[in-house]
Amino acid sequence: MTAGSVAPAWMRSQISAEQYDSWSEQQCADIEVVDGMVVVSRSASKRHNRLARLLANALDAAAGPGWNADTDSDVRLQDVPLTNRRPDVIVYRAETIDLTPTRPEHVLLVVEVVSPGSETTDRIVKVDQYAKAGIPFYWRIEQAATGIPIVYTYVLDPATKAYRDGEIFTGTVKATAPFSVTADLGAL
């Protein structure tokens with residue numbers, strides 16, 4: 001049996017933005033598109049998903065009415081060749097909630113939670129792609145063995161279209177009461 005006979009045809013050929021936009025949400029759920037090629041993401045752990053959800057809730061509460069924070073949203077970095085990324089958390093302009101796809105100019109912050117298998121992509125590849133797209137802030141969260149996440153922050157230098165290192169934080173994101181989430185992060 002060859003690899004070609006296992007993977008569906010749409011995974012072996014370049015796709016366009018129009019093709020991707022015609023697919024259902026379910027078809028797009030666990031994939032990203034890089035340079036027109038479909039990249040299937042491994043299912044994230046419960047710990048990964050919980051951290052992303054809690055962080056999105058905390059950011060949403062802190063951002064105020066002009067910004068929204070969500071998980072499981074596509075960001076269209078470029079149309080040709082199609083590059084569609086699905087950060088773990090995005091903070092975007094509230095007035096663009098109904099615009100699909102979300103574009104980099106509407107995004108303030110993208111967050112990636114590093115998991116086994118995503119280390120190189122989250123630490124190197126996506127950082128470069130998000131910077132070139134002009135997204136002002138990037139956070140990378142490492143899940144330490146102690147259970148306390150480490151948050152690496154990056155700030156875009158618009159002149160070079162590259163991120164420079166920001167602060168590093170450790171701490172927890174936790175629910176303090178029903179419908180209330182706080183981030184307890186201390187600078188290292």
Side-chain angles (χ1 to χ4, degrees), residues 1-56 59-60 68-93 96-143 149 151-152 154 156 161-163:
M1 184 179 296
T2 66
S5 63
V6 175
W10 57 267
M11 289 183 69
R12 297 187 313 269
S13 59
Q14 212 170 31
I15 63 163
S16 68
E18 294 78 22
Q19 286 172 302
Y20 183 83
D21 292 343
S22 72
W23 294 352
S24 70
E25 271 188 55
Q26 184 178 0
Q27 287 173 298
C28 299
D30 293 324
I31 66 170
E32 293 180 312
V33 181
V34 180
D35 294 332
M37 300 302 291
V38 172
V39 178
V40 178
S41 303
R42 291 177 44 184
S43 293
S45 69
K46 287 181 184 178
R47 179 179 306 277
H48 174 113
N49 290 337
R50 179 169 173 73
L51 179 57
R53 184 174 39 82
L54 289 173
L55 183 59
L59 288 168
D60 201 45
N68 292 332
D70 282 316
T71 60
D72 202 27
S73 297
D74 287 340
V75 177
R76 177 76 45 93
L77 300 178
Q78 66 185 35
D79 288 310
V80 180
L82 179 62
T83 298
N84 231 42
R85 286 295 190 178
R86 190 175 282 257
D88 293 311
V89 178
I90 66 169
V91 176
Y92 61 95
R93 296 183 188 285
T96 66
I97 193 168
D98 293 322
L99 296 180
T100 302
T102 300
R103 299 289 183 164
E105 59 268 21
H106 304 139
V107 177
L108 176 67
L109 165 68
V110 291
V111 180
E112 293 289 353
V113 178
V114 179
S115 293
S118 74
E119 296 94 339
T120 301
T121 302
D122 292 343
R123 293 177 186 153
I124 299 169
V125 178
K126 288 183 178 181
V127 176
D128 185 53
Q129 290 175 337
Y130 294 145
K132 286 182 179 166
I135 297 173
F137 299 95
Y138 175 72
W139 290 3
R140 185 184 86 235
I141 301 178
E142 300 279 344
Q143 299 182 73
V151 181
Y152 298 87
Y154 302 90
L156 183 67
K161 287 281 192 177
Y163 288 116

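Taking CG of L51 as the reference point, atom CG of L55 lies at 6.5 Å (rounded to 0.5 Å).
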Take Y20 and D74, measure what side-chain hydrogen bond (donor to acceptor under 3.5 Å, both in side chains) needs, and give me the verdict at the end. CA-CA 11 Å; Y20 183 83; D74 287 340; 2.6 Å; yes
Would you please test T121 and R85 for side-chain contact (heavy atoms from CB on, under 4.5 Å) and show each step? CA-CA 11 Å; T121 302; R85 286 295 190 178; 4.1 Å; yes
Step by step, work out the side-chain contact (heavy atoms from CB on, under 4.5 Å) result for I15 and W23. CA-CA 11 Å; I15 63 163; W23 294 352; 3.5 Å; yes
Candidate pair L109 and I135, rule side-chain contact (heavy atoms from CB on, under 4.5 Å), full reasoning: CA-CA 7 Å; L109 165 68; I135 297 173; 5.9 Å; no
Run the side-chain contact (heavy atoms from CB on, under 4.5 Å) check on S24 and Q27 step by step: do they pass? CA-CA 5 Å; S24 70; Q27 287 173 298; 3.4 Å; yes
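Shown here for D60 and A69, the closest heavy-atom pair between the two residues is OD1-N, 2.9 Å. Taking every heavy atom of both residues into account, A162 and A131 meet most closely at CA-CB, 4.0 Å. Of all non-hydrogen atoms in P104 and A133, the two that sit nearest each other are CB-O, 3.4 Å. Between A56 and T71, the shortest heavy-atom contact is CB-CG2, 3.7 Å.
Residues Q143 and P149 have side chains not in contact (no heavy-atom distance under 4.5 Å, counting atoms from C-beta outward). Using a 4.5 Å heavy-atom threshold, the side chains of I90 and T102 count as touching. Residues V75 and P101 form no side-chain contact, since every pair of their non-hydrogen atoms from C-beta on lies 4.5 Å or further apart. Put simply, the side chain of L108 reaches to within 4.5 Å of the side chain of F137, judged on heavy atoms.
Side-chain N or O atoms of T83 include none that pairs as donor or acceptor with a backbone N or O of V34 at under 3.5 Å. For the pair E32 (side chain) and R86 (backbone), a donor-acceptor distance under 3.5 Å is present. In this structure a side-chain-to-backbone donor-acceptor pair under 3.5 Å is present from S16 to Q19. A donor-acceptor distance shorter than 3.5 angstrom exists from the side chain of Q78 to the backbone of P81, with no hydrogens or angles considered. Although no hydrogens or angles enter the test, the distance criterion places no donor-acceptor pair under 3.5 Å between the side chain of T96 and the main chain of L99. Formation of a donor-acceptor pair under 3.5 Å by the D88 side chain with backbone atoms of V113 is found in this model. Between the side chain of Q129 and the backbone N or O of L77, no donor-acceptor pair lies under 3.5 Å. The main-chain N or O of D70 is never found under 3.5 Å from a side-chain atom of S73 such that the two would form a donor-acceptor pair.
Salt-bridge annotation for E112 and R140: absent, with no side-chain N of the basic residue lying under 4.0 Å from a carboxylate O of the acidic one. Note on D21 versus R76: salt bridge recorded, some NZ/NE/NH1/NH2 to OD/OE distance being below 4.0 Å. A salt bridge links R103 and D79; the closest N-O separation between the charged side-chain nitrogens and carboxylate oxygens is under 4.0 Å. Under the 4.0 Å criterion applied to side-chain N and carboxylate O atoms, E142 and R123 are assigned as salt-bridge partners.
The ring pair (Phe, Tyr, Trp, His ring centres under 6.0 Å) contacts involving residues 111-130 comprise Y130-Y138, where partners must be two or more places apart or lie in separate chains.
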